[in-house]
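Written below as structure tokens is the structure these notes are about.
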Amino acid sequence: MTAPTKPPHRTPAHPDAEVSPADLHAPVIDWFEENARDLPWRRPEAGAWGVMVSEFMLQQTPVSRVLPVYEQWLARWPRPADLAADAPGEAVRAWGRLGYPRRALRLHGAAVAITERHGGDVPSDHAQLLALPGIGEYTAAAVASFAYGRRHAVLDTNVRRVFARAVTGVRYPPNATTAAERKLARALLPEDEPTAARWAAASMELGALVCTAKNETCVRCPIAAQCAWRLAGKPEHEGPPRRGQTYAGTDRQVRGKLLAVLREAHAPVPQDALDRVWHEPVQRARALDGLVADGLVEPLPDGLYRLPLT
DNA sequence: AAAACGTGGGA
DNA sequence: TTCCCAAGTTT
């Protein structure tokens with residue numbers, strides 16, 4: 001009486017056919033159900049604003065350092081309008097030592113834009129998200145996918161590494177995201193919207209917990225049997241070494257020291273207090289000028305400085 | 001399109 | 001101690 005049932009979609013059409021992209025979805029998503037970390041921005045009560053705040057903070061910054069700042073941030077500014085109503089300098093101060101403090105300024109700017117243009121609600125549309133300060137291709141896709149369950153290729157450093165290994169068969173992805181990677185990510189994206197969203201979170205988590213940059217643990221990997229890189233004998237990375245960023249002695253380090261002083265101070269700081277953070281006057285002045293130009297520091301008459309009030 | 005942009009923890 | 005790396009964006 002029943003019509004012949006379709007074979008499960010995971011069954012290869014031909015016995016020796018290559019592993020199809022869809023063969024990765026179920027194992028990775030199942031693994032995610034069992035192993036996903038209980039992170040605050042993944043809880044339902046986080047909402048889209050919580051997801052968005054976490055994504056800003058997680059740009060180039062480890063989860064462990066984000067956790068405490070995230071909690072304080074959401075407690076103080078539970079909605080975009082709350083942050084928008086406060087001074088940008090307060091955002092920079094609350095950012096603490098997360099690094100790249102321009103992110104704090106941009107998050108504040110995004111909150112203002114959301115309040116003005118979107119009635120205080122984080123938009124779910126990728127293009128509208130992309131138009132907000134501090135949101136690029138990755139963050140727009142991440143917020144749309146994680147907060148709203150939309151179908152987007154979410155291509156961060158973790159996912160890029162998982163794809164590089166599992167599909168392309170190399171240890172590391174290229175230095176910068178390529179068109180080929182975007183194409184692959186789109187091809188691998190499940191058709192079904194909720195499944196696509198699960199896949200995005202799951203493939204990212206796999207890269208973060210198992211398929212890590214160093215000391216990957218293939219024994220815990222749900223797709224080890226299909227991993228092109230492992231199957232090829234885990235060949236070493238070819239090509240130019242990925243350039244490391246120097247830090248000591250750079251303007252960045254000086255900016256960091258200057259801003260640390262301003263963060264701790266709750267009244268305008270005189271020039272000579274800032275002068276003490278760095279011996280070399282030319283570089284010191286350049287760093288301070290840069291901070292002012294970036295809007296991270298506000299100069300006042302009489303050689304006083306503070307975090308920006310507007 | 002290369003380079004700037006912070007910070008701290010682990011190997 | 002030094003090096004590498006961590007859910008990128010902007011110019």
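Protein chains get the first letters and strands the later ones, always in sequence-line order, with residue 1 at the start of each.
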Out of [options], whichever nucleotide has its closest atom nearest the side chain of [X]:
X        : options             : result
A/Arg102 : B/dA4, C/dG8, C/dA7 : B/dA4
A/Thr139 : B/dG6, C/dG8, C/dA7 : C/dG8
A/Thr157 : C/dG8, C/dC5, B/dT7 : C/dG8
A/Arg161 : C/dG8, B/dG6, C/dA6 : C/dA6

By the 4.0 Å heavy-atom rule, please label [X] as base, sugar-phosphate, or nothing.
X        : result
A/Gln253 : nothing
A/Trp41  : base
A/Gly99  : base
A/Ile135 : sugar-phosphate
A/Val63  : base
A/Leu39  : base

Would you mind reading off the distance between [X] atom [atom1] and [N] atom [atom2], rounded to a whole angstrom?
X        : N      : atom1 : atom2 : answer
A/Met204 : C/dA6  : CE    : P     : 13 Å
A/Leu155 : C/dT9  : CG    : C1'   : 15 Å
A/Phe56  : B/dG6  : CZ    : C1'   : 17 Å
A/Glu216 : B/dG10 : CD    : P     : 19 Å
A/Gln283 : B/dA4  : CD    : P     : 12 Å
A/Leu296 : C/dT10 : CG    : P     : 14 Å
A/His152 : C/dA7  : NE2   : C1'   : 16 Å
A/Lys214 : C/dC4  : NZ    : C1'   : 4 Å

When A/Arg198 is tested against each of A/His25, A/Glu193, A/Glu33 for side chain to side chain donor-acceptor pair (under 3.5 Å), which residue passes? A/Glu33

Closest contact, heavy atoms only, [X] versus [Y]:
X        : Y        : answer
A/Phe32  : A/Ala202 : CB-CB, 3.4 Å
A/Met204 : A/Asn158 : O-CB, 3.5 Å
A/Leu259 : A/Pro101 : CD2-CG, 3.3 Å

Please confirm whether any donor atom in the side chain of A/Thr61 sits under 3.5 Å from an acceptor in the base of B/dG6, or the reverse. yes

Testing A/Arg79, A/Arg76, A/Arg93 one by one against A/Asp86 for a salt bridge (Lys or Arg N to Asp or Glu O under 4.0 Å), which residue passes? A/Arg76

Please determine whether a side-chain nitrogen or oxygen atom of [X] lies at a distance below 4.0 Å from atom OP1 or OP2 of [N].
X        : N     : value
A/Tyr172 : C/dC5 : yes
A/Arg65  : B/dT7 : no
A/Gln60  : C/dG8 : yes

Nearest-nucleotide check on DNA chain C, A/Leu130 vs A/Arg37; residue mapping nearer the 5' end is A/Arg37

Judged by nearest nucleotide, the residue sitting upstream toward the 5' end of DNA chain C, A/Ala208 or A/Pro133, is A/Ala208

Considering only atom P, compute the distance from C/dT9 to B/dG8 and round it to an integer number of Å. 23 Å

Taking only the P atom of each, what is the distance from B/dA4 to C/dA7 in whole angstrom? 23 Å

Select from A/Asn215 and A/Arg97 the residue whose nearest nucleotide in DNA chain B is closer to the 5' end of that strand. A/Arg97

Pair A/Glu205 + A/Arg42, salt bridge at N-O below 4.0 Å: yes

Ring centroid separation A/Trp95 to A/Trp73 under 6.0 Å: yes

